There are 2 protein chains.
Amino acid sequence: MFPRGNREGVEMADMQQAYNVYEDRCPTRLVLDRLADKWAVLILDRLQGGPVRFNHIRRDIKGISQKVLAQTLRKLERNGLISRTIFPTVPVTVEYALTPLGSTLTDTVSALAHWAEKNMDAIFAAQRAYDEAHPG
Amino acid sequence: MFPRGNREGVEMADMQQAYNVYEDRCPTRLVLDRLADKWAVLILDRLQGGPVRFNHIRRDIKGISQKVLAQTLRKLERNGLISRTIFPTVPVTVEYALTPLGSTLTDTVSALAHWAEKNMDAIFAAQRAYDEAHPG
DNA sequence: GGAAGATAGTTTCCAATAGATACCAAGGAG
DNA sequence: CTCCTTGGTATCTATTGGAAACTATCTTCC
């Protein structure tokens, strides 16, 4: 079903834990490519409160360009993590929302964002120490 | 201390939750830039079992190039998440290990990697559905 | 004695991506 | 008529990512 190397003699029923993030060509890696991305993390975190419109996200997440926002939203939609709903208002309204699958991910993603907030001071201290020790 | 906009009249002691990932120029975002990265996630997850050497990581994480591995390790070291220890053996041995700070992160990071493994089938199903619905 | 292999990287080059900016259509407000 | 809104796409450039070759030192193989 998935493009993985067929271990000779191993039954499919026995391969429940056969996927391995460390393996190249393993489809898990294709998934990780799409999740481990700064903008995706921020967007998923932003959608936790309920559906949000395109330009609303754009204004909230400071510094994201329209192109990258559109690209990232397509990616997340294609992977079934968010839904895209068009309302035929004038001008047209497009709402993005977490799917049930996306909701199962946001806990982890938010934990990452919050870890960054909480440990930022330690990280900047480490950076200063590193830069002093490595002047080159 | 950090390059953030100074909210007028707000005391530093009251700014415990002043950092906000959605804000541009907020240093949290600089942190997230370095964490939300496919290779960093894989490396941190790989180091959970104890110290590992450069070429060992390289062999385990299939598909990573030497350049990107070296760059990512430097990045993680500079941010205080991993340590780098040189042993004057012949040939020289370099061991990378999680710091205490890095250890606080690996739970979150591993959760991300495991979410990817667990929900991969749902994601690939969503991709097929999307690609059928959007032939363009 | 010379070649190969291990260590941990750096260097070089090309393709892919990210970001900034401009532009599009359809209307509503002033 | 002009500017503003909606949600994007098109274009151009700067940065990054990946593949491959190269560095240097020492050990082992034949």
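Within every chain, numbering begins at 1; the chains are lettered A, B, ... in the order of the sequence lines, protein sequences first and strands thereafter. No experiment lies behind these values; they were computed from the predicted model shown.
Between the CG atom of L69(B) and the P atom of dG17(D) there is a distance of 13 Å, given to the nearest Å. In this entry the distance linking CG of L32(A) with P of dG17(D) reads 15 Å, nearest Å. Distance CD1 (I86(A)) to P (dA25(C)): 19 Å, rounded to an integer number of Å. In this structure, CD1 of I61(A) is placed 12 Å from P of dG19(C), rounded to the nearest angstrom. Rounded to a whole Å, the CG atom of N55(B) is 7 Å from the C1' atom of dT7(C). If you measure from atom CG of L42(B) to atom P of dG17(D), you get 14 Å, rounded to the nearest angstrom. Atom CD of E95(A) is separated from atom C1' of dG8(D) by 17 Å (rounded to the nearest Å). Atom CZ in R53(B) sits roughly 12 Å away from atom P in dG9(C) (whole-Å rounding).
Side-chain nitrogen and oxygen atoms of W39(A) include none within less than 4.0 Å of the OP1 or OP2 phosphate oxygen of dA18(C). In this structure, R59(A) reaches the dT6(D) phosphate: one of its side-chain N or O atoms is under 4.0 Å from OP1 or OP2. Residue R84(B) places at least one side-chain N or O closer than 4.0 Å to OP1 or OP2 of dG9(C).
For the pair E77(B) and T99(B), the minimum side-chain heavy-atom distance is 4.5 Å or more. In this structure the side chain of L47(B) reaches within 4.5 angstrom of the side chain of I57(B), judged on heavy atoms. Annotation: side chain of R84(A) is not in contact with side chain of L73(A) (no heavy-atom distance under 4.5 Å).
Contact annotation for R58(A): no contact, since no heavy-atom pair falls under 4.0 Å across all strands. As judged by a 4.0 angstrom heavy-atom cut-off over every strand, Y96(A) is placed among residues touching the sugar-phosphate backbone only.
The side chain of Q71(A) approaches dA18(C) more closely than any other nucleotide in the set dG18(D), dA18(C), dG9(C). When distances run from any side-chain atom of R74(A) to the nucleotides dG27(C), dT27(D), dG8(D), the shortest one goes to dG8(D). Comparing dT7(C), dG8(D), dG17(D) against the side chain of K67(B) picks out dG17(D) as the nearest.
Without hydrogens or angle criteria, T106(B) side chain to D45(B) main chain gives no donor-acceptor distance under 3.5 Å.
One hydrophobic cluster, built from ILVMFWY side chains closer than 4.5 Å, cannot hold both F54(B) and F87(B); they sit in different ones.
Residue order along DNA chain C, read from the 5' end via each residue's closest nucleotide, puts V92(B) first among V92(B) and S65(A).
A donor-acceptor contact under 3.5 Å is not formed by the side chain of Q66(A) with the base of dA10(D).
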